[in-house]
Amino acid sequence: MDENRYITLLEEHDVKPTANRLIVLRTLDAAGRPMSLSELEYKILTIDKSGIFRTLSLFREQHLVHVIEDGGDGVRYELCHSHHDGIDDDLHVHFYCEQCQKTYCLDHIPVPDVDLPEGFVMSSVNYMVKGICPHCATARHRT
């Protein structure tokens, strides 16, 4: 995405395009996979942890990122591909590698419908598959 598209995307979500917000957005987009706060902090050396977290919180409120329980001990943040300011309509399955501890988007696999019992109201869904990613599986077979 070019810089103008990042600015437009922020504005579409009612987020003022500040320098820090553009950096966080650009980093999430470049990663192409969900990232933890510590991964973002490692990649973004010009913004402190609290600044990154505040930006992510705003992005979440404005439906610009998904917050995903990573299958381990934390959460990861992923750029929302629907680019709709009111709802997250691009739900898909995620895969957590138990060896390298990375979380991958499986964009082509939708989250299955869940028929909830009467009286239950769903506000979000987190569908995580755990196992070994192709890279780690290949490395295992070599040793």
Novice: Which heavy atom in C133 sits nearest to a heavy atom in F95, and how many Å separate them?
Specialist: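 Reported closest heavy-atom pair: N-CE2, 3.7 Å.
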
Novice: Show the nearest heavy-atom pair for residues T27 and M35, with the distance to one decimal.
Specialist: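 Looking at all heavy atoms of both residues, the shortest contact is O-SD, 4.1 Å.
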
Novice: Measuring from L28:CG to I52:CD1, what's the distance to the nearest 0.5 Å?
Specialist: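 With rounding to 0.5 Å, CG (L28) is 9.5 Å from CD1 (I52).
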
Novice: If you group Ile, Leu, Val, Met, Phe, Trp and Tyr by side-chain heavy-atom gaps below 4.5 Å, do V114 and Y127 land in one group?
Specialist: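 V114 clusters together with Y127.
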
Novice: Are there more than 12 heavy atoms of other residues, nucleotides or ligands under 6.0 Å from atom OH of Y6?
Specialist: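 Yes - once you tally the heavy atoms of other residues, nucleotides and ligands closer than 6.0 Å, there are more than 12.
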
Novice: Which one of H94, E39, H66 satisfies the side-chain contact (heavy atoms from CB on, under 4.5 Å) criterion with P34?
Specialist: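 Exactly one candidate clears the test, H94.
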
Novice: What's the spacing between R26 CZ and I44 CD1 if we round to 0.5 Å?
Specialist: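 These two atoms lie 9.5 Å from each other.
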
Novice: Just wondering, are more than 12 heavy atoms of other shown residues or ligands nearer than 6.0 Å to CG in D113?
Specialist: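 No, CG of D113 has 12 or fewer neighbouring heavy atoms, counting only those of other groups under 6.0 Å.
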
Novice: Locate the shortest heavy-atom distance separating V111 from V93; write the atom from each residue and the value.
Specialist: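 For V111 and V93, the tightest heavy-atom pair comes out as CG2-N, 4.1 Å.
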
Novice: What verdict does the side chain to side chain donor-acceptor pair (under 3.5 Å) test give for T18 and N20, after you've listed the backbone C-alpha separation in whole Å, the side-chain angles of each residue and the deciding distance to 0.1 Å?
Specialist: CA-CA 6 Å; T18 65; N20 285 356; 5.9 Å; no

Novice: Treating Ile, Leu, Val, Met, Phe, Trp and Tyr as nodes and any side-chain heavy-atom pair under 4.5 angstrom as an edge, say whether L40 and L45 lie in one connected cluster.
Specialist: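 No; tracing contacts between hydrophobic side chains, which count when under 4.5 Å, never links both residues.
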
Novice: What are the two closest non-hydrogen atoms of R33 and T103, and how far apart are they?
Specialist: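 Looking at all heavy atoms of both residues, the shortest contact is CB-O, 3.6 Å.
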
Novice: State the CD-CZ distance between E12 and R5, to the nearest 0.5 angstrom.
Specialist: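 Going from CD on E12 over to CZ on R5, the span is 4.5 Å.
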
Novice: On a heavy-atom basis, which atom in I68 and which in E78 lie closest, and how many Å separate them?
Specialist: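 In this case the closest contact between I68 and E78 is CD1-OE1, 3.2 Å.
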
Novice: When rounded to the nearest 0.5 angstrom, what distance separates SG in C136 from NZ in K102?
Specialist: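 It is 8.0 Å, given to the nearest 0.5 Å.
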
Novice: Kindly determine whether T55 and L25 satisfy side chain to side chain contact (heavy atoms under 4.5 Å, CB included), including the steps that lead there.
Specialist: CA-CA 9 Å; T55 298; L25 180 61; over 6 Å; no

Novice: Do the non-hydrogen side-chain atoms of V129 and Y96 ever get within less than 4.5 Å of each other?
Specialist: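 The answer is no, as the side chains (C-beta and beyond) never meet within the 4.5 Å cut-off.
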
Novice: To the nearest 0.5 Å, how far apart are CD in E41 and OG in S36?
Specialist: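 Here the interatomic distance stands at 9.0 Å.
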
Novice: At their closest point, which heavy atom of V121 faces which heavy atom of L116, and how far apart are they?
Specialist: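 Residues V121 and L116, closest heavy atoms: C-CD1, 4.4 Å.
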
Novice: Around F53, counting heavy atoms of other residues, nucleotides and ligands shown, do more than 12 lie under 6.0 Å from its CZ?
Specialist: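 No, because the 6.0 Å sphere around CZ of F53 holds 12 heavy atoms or fewer from other groups.
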
Novice: Return yes if some donor-acceptor pair links the side-chain N/O of Q99 with the main-chain N/O of I132 below 3.5 Å, else return no.
Specialist: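 Not confirmed, Q99 side chain does not pair with I132 backbone.
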
Novice: If you round to the nearest 0.5 Å, how far is OG of S57 from OH of Y77?
Specialist: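 Those atoms lie 6.0 Å apart.
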
